[in-house]
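As structure tokens, the structure follows; a few thoughts come after it.
Since the model is a prediction, treat every value here as computed from it, not as a measurement.
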Protein chains: 2
Amino acid sequence: MVLGAAELIGRNGVAATSFGAVLEHSGAPRGSIYHHFPEGKSQLVVEAVEFAGDALYQRLESVSGSMVDIIAGIGDIWRILLVANDYEWSCPVLAAGTARTVEPAAADVAGATFVRWRDLIARRLTDEGIDAVRAPALANLMIASIEGAVGMCRSTRSIEPLDQVVAELQLLAGTLTSST
Amino acid sequence: MVLGAAELIGRNGVAATSFGAVLEHSGAPRGSIYHHFPEGKSQLVVEAVEFAGDALYQRLESVSGSMVDIIAGIGDIWRILLVANDYEWSCPVLAAGTARTVEPAAADVAGATFVRWRDLIARRLTDEGIDAVRAPALANLMIASIEGAVGMCRSTRSIEPLDQVVAELQLLAGTLTSST
DNA sequence: GTCTATACGAAGATAGAC
DNA sequence: GTCTATCTTCGTATAGAC
């Protein structure tokens with residue numbers, strides 16, 4: 001059910017994701033929601049964002065290789081989700097993070113998730129010989145540009161924005177490794 | 001009223017922006033909404049996104065100078081909006097673009113807006129001597145990374161993600177102009 | 001054009017039976 | 001734990017008077 005909530009949050013956003021829709025989508029029983037989620041929708045959204053954040057973190061952990069490989073790997077994670085959902089998808093973490101006025105607690109979880117992702121990627125970059133001071137800023141750029149590109153892809157129903165971002169980030173990586 | 005709608009869409013998202021809230025926020029009369037917006041909320045959202053897209057386009061037009069200056073100028077446009085709203089703000093265009101399942105027509109407008117922005121910036125870059133083939137991809141990277149960074153800033157209630165993105169984009173610009 | 005009143009549905013949440 | 005029923009609030013939209 002938490003998985004289903006994460007899917008619907010990505011698809012429709014936090015505010016447009018109703019309790020009932022999550023129940024239908026996951027096939028869970030109607031009568032026991034407030035038994036499992038005493039705090040109601042807020043709690044469900046928080047757990048969904050935590051779940052999605054963890055799931056993506058684990059996929060990020062599996063990315064390895066050179067900086068160019070890392071960029072390709074991260075891009076693939078989001079591209080697969082976008083294409084598999086026929087562009088009717090956005091990152092649930094970003095969706096929750098930009099819905100502060102609707103669900104503040106979930107936005108905090110989203111913020112913490114971004115920091116975790118950035119630190120993980122930064123560590124990978126330093127392992128590849130990138131300057132440890134600059135690595136967090138580069139990791140931040142990767143996450144921001146890919147998250148932004150996913151939104152643009154959905155808006156235009158095209159994969160081009162994401163592909164272009166990945167390509168440009170890889171060119172940037174080339175200038176870093178060649179100058180060392 | 002269209003302006004007020006754009007503000008609320010950025011703040012709360014498309015689904016969470018109610019007709020009534022827009023009326024309150026703008027002080028417009030209650031009884032004549034369907035006189036001015038016969039198609040209801042959909043029409044209001046579309047016009048709000050068009051309005052916001054045009055307003056930001058005009059600000060983008062005022063950006064000039066070297067590629068580093070252009071990056072700084074674009075970053076400033078979004079930073080000012082973010083800080084002025086105490087991080088309770090997201091780009092209405094991105095918000096509408098990622099709300100396809102809620103308001104498809106508005107998402108199309110958002111998609112077209114991104115293309116317009118990208119083309120404008122790409123033109124500015126070619127004027128500055130950037131390769132005309134690569135310029136669109138660079139412009140795309142700028143928009144994506146700044147839009148994504150704004151979302152991360154709101155999630156973390158910090159300006160750091162945006163500042164880091166601007167700094168990294170400027171470093172990238174440095175490698176381009178020095179290699180020519 | 002603008003008002004008030006109202007119909008209609010959706011959504012969050014609670015109560016009590018089984 | 002799960003069900004059904006219900007309360008309440010909110011949001012879109014319409015109707016008709018002024």
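- With salt bridges taken as basic N to acidic carboxylate O contacts below 4.0 Å, one links A:R118 and B:E160.
- At least one side-chain nitrogen or oxygen of B:H36 sits closer than 4.0 Å to the OP1 or OP2 atom of C:dT2.
- Using a 4.0 Å heavy-atom cutoff across all strands shown, B:T17 reaches sugar-phosphate atoms only and no base atom.
- Atom CD in B:Q43 sits roughly 14 Å away from atom P in D:dT12 (whole-Å rounding).
- Following chains of ILVMFWY side-chain contacts shorter than 4.5 Å, one cannot reach A:Y34 starting from A:V45, and the two form parts of different hydrophobic clusters.
- For B:Y34, taking side-chain heavy atoms from C-beta onward, the closest of the listed nucleotides D:dT4, C:dG12, D:dA13 is D:dA13.
- Summarising the geometry, the separation between CZ on B:R30 and C1' on D:dA17 is reported as 18 Å, rounded to the nearest angstrom.
- With rounding to the nearest 0.5 Å, the separation of SG in B:C91 from CZ in B:F114 is 5.5 Å.
- The CD1 atom of A:I33 sits 14 Å away from the C1' atom of C:dA15 (whole-angstrom rounding).
- Distance from the side chain of A:H35 is smallest for D:dT2 among the nucleotides C:dC3, D:dC3, D:dT2.
- If you measure from atom CG of B:L23 to atom C1' of D:dC10, you get 14 Å, rounded to the nearest angstrom.
- Regarding A:F19, its CZ atom lies at a distance of 7 Å from the P atom of C:dA13, rounded to whole Å.
- Side-chain heavy atoms closer than 4.5 Å link hydrophobic residues (I, L, V, M, F, W, Y) into clusters, and following such links, even through other members, never connects A:V68 to A:L60.
- Checking C:dC3, D:dT12, D:dT2 against the side-chain heavy atoms of B:P29 singles out C:dC3 as nearest.
- Atom P of nucleotide C:dA11 and atom CG of A:L44 are separated by 14 Å, given to the nearest angstrom.
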Take B:E47 and B:Q43 through the side chain to side chain donor-acceptor pair (under 3.5 Å) test and state the conclusion after the steps.
-> CA-CA 6 Å; B:E47 292 192 19; B:Q43 186 181 356; 3.1 Å; yes

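- Taking only side-chain nitrogens and oxygens, B:S32 never comes nearer than 4.0 Å to OP1 or OP2 of C:dG1.
- Atom NZ of A:K41 and atom P of D:dT9 are 19 Å apart (whole Å).
- Of the two residues contacting DNA chain C, namely B:G31 and A:S42, the nearest-nucleotide position lying further toward the 5' end is that of B:G31.
- Which of D:dT4, C:dG12, D:dG11 sits closest to the side chain of B:S18 comes down to D:dG11.
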